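Bear in mind that the values here come from a model prediction, so they are computed numbers and not experimental data.
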Amino acid sequence: FFFNDTATTEIYTLFLHDALPIFVIENLRRWFKQKPPIELTPSQREALIDATLEPNTLDEQTRLRLAVGAQGSPLLLIEAIRYLSLIGVLARGTEGWTERRALPEGALSELAVIVRARRRGLTPQASDLLEMLAVVEDTLGGRVLQEVAGRRGITFEELSDGLEQLERSGLVRARRDEFGVVAQVRHPLIRDEVYRQMSLDRRRGLHEDAGEVFSSLPGTAAFPSVAARHLALAGLPARGLEGLLSGIERCLRINALDTALELCRQAVSVLNNVDTSVLNQYLYAIVRRRERVYARLGATPLQRVDLREATHLAQSVGTDTERHQISLRVAGVALQRGDTGEATERAEAVSTAVASDAPERGRARMLQAISAWQNGRVEQADTLITELGELPIDWPVALRARILHVRGMTAAGSHRGAEAIHHFFEAWRLHRLRGDAHDEALTIDALVDLGAVIQGQTIVCVTSGGNFDFERLPEVAERAMRYR
């Protein structure tokens with residue numbers, strides 16, 4: 001039987017015949033959910049009590065207090081009964097539920113009263129722990145809870161004692177296993193009530209601690225997202241954005257493109273809370289990363305839109321180097337659509353504007369070589385890329401790998417099969433050392449360009465490693481059939 005009171009669903013297990021009166025009440029609520037709330041009849045309230053306390057020998061005064069105080073809410077009734085049992089007012093004997101003494105005044109006025117009453121007997125550490133759980137419910141085997149508690153000066157022994165107190169008070173559920181402690185507030189409405197009772201400064205402090213802990217966890221999607229949410233609630237959206245941007249970079253490194261795109265969407269939503277003085281700076285950082293995601297996904301129209309926006313933003317918040325990098329990426333898109341004129345013009349402009357040993361100079365020369373190759377000027381392309389590869393400059397590893405890739409392409413175009421295979425292998429090896437699965441796959445895929453050069457020969461490509469998506473195995477097998 002599901003009470004979907006908040007985002008979390010709480011499940012109460014009841015015997016069917018005990019639950020039937022509640023089903024009747026919930027049916028009435030569904031029929032009238034578009035109308036003003038209806039008052040439950042006395043018989044319906046009595047049925048609700050009997051469904052929860054069966055059998056019972058409660059007197060009429062107690063039943064009336066329970067029925068009126070619970071206001072027809074199964075949660076409020078159950079939590080009130082648990083509280084009254086803890087303070088010794090109600091007990092279950094051989095003949096069922098009965099009262100040991102009179103109900104105290106105000107015990108069932110509202111959930112806030114019940115929660116406050118249960119917190120009175122808690123130690124300061126247990127009360128602090130309850131507020132931590134209202135901010136971050138730990139479902140990761142104790143790691144987050146212990147980290148946040150440690151930042152608040154609570155030792156592991158105090159954490160264990162506090163959880164035992166909270167379990168006895170009926171506010172928290174906890175279980176312990178070989179991985180640590182998993183704990184959560186017993187019901188979402190109780191958690192919300194504890195959260196409401198906290199001061200604003202207290203909430204922000206706990207959200208900040210939780211955000212910092214989640215930011216430190218190794219993850220690509222869930223943890224940066226949760227960290228950003230906590231830091232935004234702590235009034236620190238910029239720090240949350242930094243975590244999301246780092247998460248996007250991690251996704252790009254392992255080629256988790258769908259996850260990277262989702263993090264980009266979340267980062268854009270956080271921008272609403274960022275100070276306007278740094279808004280364009282963060283928007284620029286998001287757009288540049290999203291453009292790289294679209295490039296790998298092959299979404300060229302969306303990539304072009306982001307490149308236009310990045311070009312505009314770079315005029316105010318970007319550096320000269322970044323503006324050159326964006327211009328070269330625009331040139332690369334121009335090459336993809338066959339506009340070698342624009343690509344060559346942009347590459348030449350960047351090549352003359354940067355230093356001879358700048359990585360952008362190498363990328364510009366590489367684009368010039370590809371443009372010449374696409375226009376059928378294979379010898380010119382071969383000369384340009386060979387000279388570039390033989391320059392005594394320590395290019396970044398990624399750029400060296402791509403230069404080798406292009407050298408393999410030009411060698412294949414000149415029917416130098418052995419040299420092409422050598423360059424492709426060296427490019428693959430560098431990508432492999434970098435852990436770049438995307439470019440590694442592109443290098444292997446380039447073997448198709450060898451065509452007749454390798455016909456009749458046997459070429460073995462061995463790939464291994466983690467981050468394999470088993471759901472894509474049929475697609476991988478289908479693609480492999482093309483090169484069998």
Under 4.0 Å between a side-chain nitrogen and a carboxylate oxygen: does that hold for Arg323 and Asp320? yes
Residues two or more places apart in sequence or in another chain: which of them pass salt bridge (Lys or Arg N to Asp or Glu O under 4.0 Å) with Glu158? none
Does a salt bridge link Asp382 with Arg377, judged by any charged N lying under 4.0 Å from a carboxylate O? no
Distance-only donor-acceptor pairs under 3.5 Å for side chains of residues 295-304, two or more places apart:
unit_1: Arg296; atom_1: NH1; unit_2: Leu252; atom_2: O; d: 2.7
unit_1: Arg296; atom_1: NH1; unit_2: Asn255; atom_2: OD1; d: 3.4
unit_1: Gln303; atom_1: NE2; unit_2: Glu291; atom_2: OE2; d: 2.8

Going by the rule salt bridge (Lys or Arg N to Asp or Glu O under 4.0 Å), which residues pair with Glu360 if we only count those two or more places apart in sequence or in a different chain? Arg363
Using only heavy-atom distances, determine whether the side chains of Glu426 and His422 contain a donor-acceptor pair under 3.5 Å. no
For Thr123, side-chain contact (heavy atoms from CB on, under 4.5 Å) partners two or more places apart: Gln125, Ala126, Gln165
Counterpart residues, side-chain hydrogen bond (donor to acceptor under 3.5 Å, both in side chains), relative to Ser371 (two or more places apart): Thr344
For residues 306-315, which residue pairs qualify under side-chain hydrogen bond (donor to acceptor under 3.5 Å, both in side chains), counting only residues two or more places apart or in two chains? Arg290-Asp306
Tell me every residue that passes ring-ring contact (aromatic ring centres under 6.0 Å, His included) with Phe425, counting only those two or more places apart in sequence or in another chain. Trp428
Residues at least two apart in sequence or cross-chain that pass side-chain contact (heavy atoms from CB on, under 4.5 Å) with Val270, listed by chain then number, are Pro237, Leu241, Leu244
With sequence neighbours excluded, residues passing ring-ring contact (aromatic ring centres under 6.0 Å, His included) with His230: His207, Phe214
Quick one: does Arg288's side chain get under 4.5 Å of Glu322's, heavy atoms only? yes
Who passes side-chain hydrogen bond (donor to acceptor under 3.5 Å, both in side chains) against Asn280, sequence neighbours left out? none
Do the side chains of Arg152 and Asp128 get close enough for a salt bridge, i.e. N-O under 4.0 angstrom? no
Is there a side-chain contact between Asp339 and Leu335, using heavy atoms and a 4.5 Å cut-off? no
For Glu342, enumerate each residue passing the salt bridge (Lys or Arg N to Asp or Glu O under 4.0 Å) test, keeping only those at least two apart in sequence or located in another chain. Arg337, Arg346
Under the salt bridge (Lys or Arg N to Asp or Glu O under 4.0 Å) test, which residues partner Arg400, sequence neighbours left out? none
